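Notes follow once the structure below has been shown.
None of these values were measured; they are calculated from a predicted model. Reckoned from all heavy atoms, side chains included, excluding hydrogens, waters and symmetry mates. Every chain is numbered from 1, with letters handed out A, B, ... down the list of sequences.
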Amino acid sequence: MADTPTTATGSTPWRHIPAQVDLPALERDVLDHWDGQDTFAKSLEQTAGGKPWTFFEGPPTANGMPGTHHIEARVFKDVFPRYRTMKGYSVERKAGWDCHGLPVEVAVEKELGFNGKKDIEAFGIAEFNAKCRESVLRHVDAFADLTTRMGYWVDMEHPYRTMDPEYVQSVWWSLKQIHDKGQLVEDYRITPYCPRCGTGLSDHELAQGYETVVDPSVYVRFPLTSGPVAEKAGKPVSLLVWTTTPWTLVSNTAVAVHPDVDYVVATDGNESLVVAEPLLSALGEGWTVTDRYVGRDMERWNYQRPFELVEFPEPAHYVVLADYVTTEDGTGLVHQSPAFGADDLIVCRAYDLPVVNPVESDGTFQADVPLVGGQFFKKADEDLVNDLRDRGVLFRHVPYEHPYPHCWRCHTPVMYYALPSWYIRTTQVKDALLRENEKTNWYPESVKWGRYGDWLRNNIDWAVSRSRFWGTPLPIWRCADDHQVCVGSLAELGELAGRDLSATDPHRPFVDDITFACPTCGEESTRVAEVIDAWYDSGSMPFAQWGYPWAEGSKEKFEKSYPADFISEAIDQTRGWFYTLMAIGTLVFDESSYRNVACLGHIMAEDGRKMSKHLGNILEPIPLMDDHSADAVRWFMACSGSPWKARGIGPNVLNEIVRKVLLTYWNTAAFHALYARLADWSPSAGAPPVAERSVLDRWLVSETHRLVRDTDEAYAAYDTQKLGVLISQFVDVLSNWYVRRSRRRFWAGDAGALATLHETLDVLTRLMAPLTPFVTERVWQDVFRPVTPELAESVHLAAFPQYDETVIDDRLATHVSMARRVVELGRSARAEAKVRTRQPLGRALVGSAAIADLDDELLREIAEELNVGSVEPLSSAGADLVEFSAKGNFRQLGKRFAKQTPVVAGAIAAADAAALAASLKASGTATVVVDGADVEVSADEVLLSERPREGWSVVNEQGETVALDLEITPELKQAGLAREVVRTLQEARKNSGLEVSDRITVWLTSTDPELSDALGKHADEIAREILATDLTVSMPPATSSLTTGTEDDLGLTYWLTKA
RNA sequence: GGGCCUAUAGCUCAGUUGGUUAGAGCGCUGCCCUGAUAAGGCAGAGGUCACAGGUUCAAAUCCUGUUAGGCCCA
């Protein structure tokens, strides 16, 4: 690395790796290194011939600043391509920008101080769109900085942009495919509409304008004219219908009932009314039920409509079935007016009912409508209700308070209004969509047939047009006779228009000006006014990013990369990009465009609340990474908690990742480099065969292969949470068990230990590289490449490690974990006895179940770790010292005894444990008495534990026992004092700034006779431990300049100097 | 109003096919260990596993309902 702070030392290639490291500074260096070496490009070149593994980048809109939440999906979009690249796949990574859409227009409108579409038209569409074009790329640099800083490798040099002419023409081509199949059609769409402003409102605008108002709610009689109860003993029978918008009754078209709800006919003696049974109480007192029908049996009963004010194409005015009908309020019979309600329109369309709309676009009734002609729609309620009352069809009238949307600009009540709109008939490919979804792997799986599957099963046609300015123009031209031509490219348009249009900007207003003679009738064809939903743009990226099929080479690129192996975005894209990608792919190619999709939860502030300016809890992404390192942030995004759930990020959790994972890993590598350098060891020097290495080496080799196997599986299954658990646990046990227990061998330059740790760190570095690409690169450059120059020049150009299943030794794993367990219990026993670890003890006794798993090598490790002379079986203390207890193993017993389990377990607990133990040991079975009968139980059905009676410090947990012999002989006492002296001098060495390998000269004096005795007997051992070439038990010569100190508790005074 | 997700220690979260005494980290207290470490270990305090029913010999785990929060949609 260019300006690395690490340096080669002397003749050895081993670099000095500092134990402390500034991760953010390290990352800046690594970024420079990648930049200088062109590492990303090399990784693509190196794998160019490999099997393709395709990833699609979901395009962000760059008209806002990137936030910390943007890092989340980008981590997933980086980790798996890096992993696949290390596995030899060719992974193309093209960035993209989403350029069109209403949010862009709204932002520009706000900048210009505009107040609606009229202002834009006055300003000029060309000028307005130019502003949008500029706005949408305003923060591309900020996104690029974020992308670079976090180590997301994606090609930002050649991104696709949804506004580029090549992209737009590709979108046109796909729309033409859909139009030619008759699946892109014009129809009515119910839009929230402000009649004063004359404009539709977006959902976002609508949400801002809710106000609580009091509307008349009316219960109206609709007399039946057909069906089994139309005539009831000469008395009229009516459907009772409830509505809060009496003005829509003028255009009543049908009445909807729920197919599965029970409806009743009730009479008060004068008349009969039909209502849903759960809402019978709406009628009041004195009504008796005479008949009942399930909703689905009422289908197509005819009735007489409430007003005869407008002409109506028949057939209409009958009962229809609709699942959305509820029995929460009203009567369970819902008035349908498809021009003014989205649900109404869907339901009525299914019955082919007409859409009758007597209201002008300014919100007034058409002038020729009797009674209410010319009236504003809301104002007409009063006259209409009065008329209903006068004619005796009004059953009840009550004021109804509810939230109703108003225009956020002018507070005019919003009208839900049928406007012509272009639809893609996705309902026609619903079965194909369900089929494609079945083939898709969702992470987490619950989304597949949960939130997303529900959306597909309830699929509705996609209203794809927008009456706006900045978007892909809908490429449909038509003449007065509605002969439509959907144009698939500028070349095609040029042919129709008879001139070269290849350089035309395919946006409004330029394409609006192009007209041609209708190919069918010769009359003038003009473009329809709309642009398309920007979601269609982004859902087209699998082919449009290559300009398919027009751009040169686009066919090859497209065919090679469709469908994608992997996409990932946050959960809010289920009905957004995840849907539009699948829908467009299925419509155009009859195949969804992705196979695996990771669907992430949202990123919150550390307090679990949404990050917002209002709360002042926003964490800016780049400062966050500069404070904690990008690797830590990446690790958080991938491995902390479940990525499928909302998660809070902040300094606490990031600091923990740095300390527990990144620095522990770094430090283990630094430790290895330190002792490999001191031993002048080389990986090429050859090491003893694994089978001849020490037990901990053999164990670590096995665990390393296990880790490769498990992480490889986790990567392949997109399970980053599991990766985090596997790697962090491995790093912890590597540092705090393997290295800790092996330190003496490293000090001695043991080739087996050095080779084992070297190999393990190599593997660990590779398999962590996709997650934490910075620190692993630095370790690769500073620890591995200097000593093995033939290695790949970057860890990201190296191969993912391989494993050998036959090397994974489960028995050895069990044995080592038992050893660790015994150590844990031994420490606990020491703490309980209040005997410090530096005081050697004679022996530890271990329960017989545990000791069966421990060979001599492991017993030695335990003895050393616990500072005891030997570890022996508990039974060696003499049989009568041991006390047994027995418990039933519920899980085992449950299989055999089911209901009797607790009784048998009780019998085991009540039995003579010593006899039970003896019998199990002798024959493998034992007999207990259950309800007077003998029952035979086997060894695995009984949990035995044993403990000595007294004079020992004993810890007994979950069947395992460790006992410490607390007798401290004079020899042990002195050995303990020697350990204290060693400890004191090691501390002094460290404080005086000596290197770990420096040799020293030492003088010691004591004021305590017992200590003096110990110094005399253990002088050689002390000298060896503290690397003293010369140790004198006396005062030093008066002239020397020395480090000195005293340890009062011991009565020790020391002087030392570098030898 | 509908659908989905979530609810476990003060905080952040694990918890396999139901099974013995529900775990970890952070934080707190005490002690210990340290020739790489910003570490590590042992112990202590801290839990009505949101609530209410149900299934079962046995429920944090399976079922039903309720409450609260989140997301999407109306």
- Message: Please report the distance, rounded to the nearest Å, between CD in A:E864 and P in B:U34.
- Response: 12 Å
- Query: Whole-Å distance between B:C4 P and A:Y579 OH?
  - Reply: 20 Å
- Query: Reckon A:A670 touches a base, only the sugar-phosphate, or nothing at all at heavy-atom distances under 4.0 Å?
  - Reply: nothing
- Donor/acceptor link under 3.5 angstrom from A:R891 side chain onto base of B:U17: yes
- Task: Rounded off to whole Å, could you give me the CE-to-P distance for the A:M604 and B:C5 pair?
- Result: 17 Å
- Item | Contact under 4.0 Å: A:R743 side-chain N or O vs B:G35 OP1/OP2 | no
- Query: Roughly, in whole Å, what's the span from CG in A:L654 to P in B:C11?
  - Reply: 20 Å
- Task: Tell me whether the OP1 or OP2 atom of B:G40 has a side-chain N or O from A:K660 closer than 4.0 Å.
- Result: yes
- Query: When the nearest nucleotide of RNA chain B is assigned to A:A646 and to A:N667 on a heavy-atom basis, which residue is associated with the more 5' position?
  - Reply: A:A646
- Message: Just N and O in the side chain of A:K645: are any of them under 4.0 Å from OP1 or OP2 of B:U12?
- Response: no
- Query: Rounded to whole angstroms, how far apart are CG on A:N655 and C1' on B:C26?
  - Reply: 11 Å
- Query: How long is the line joining OH of A:Y675 and P of B:G35, in whole Å?
  - Reply: 9 Å
- Task: Report the distance from atom CZ of A:R647 to atom C1' of B:C13, rounded to the nearest whole Å.
- Result: 12 Å
- So, do A:W747 and B:G35 meet the stacking rule of ring centres under 5.5 Å and planes under 30°? yes
- Look at A:K990 and B:U37 and indicate whether a side-chain polar atom (N or O) is within less than 4.0 Å of OP1 or OP2. yes
- Query: Using purine N1 to pyrimidine N3 plus N6-O4 or O6-N4 for Watson-Crick, or N1-O2 and O6-N3 for G-U wobble, each under 3.5 Å, what pairs with B:A43?
  - Reply: B:U29
- Query: Donor-acceptor pair under 3.5 Å: do we get one between A:S735's side chain and the base of B:A39?
  - Reply: no
- Message: Once you apply a heavy-atom cut-off of 4.0 Å, does A:Q721 come out as touching a base, just sugar-phosphate, or nothing?
- Response: sugar-phosphate
- Should A:W535 and A:Y579 count as side-chain neighbours, where that means a heavy-atom distance under 4.5 Å? no
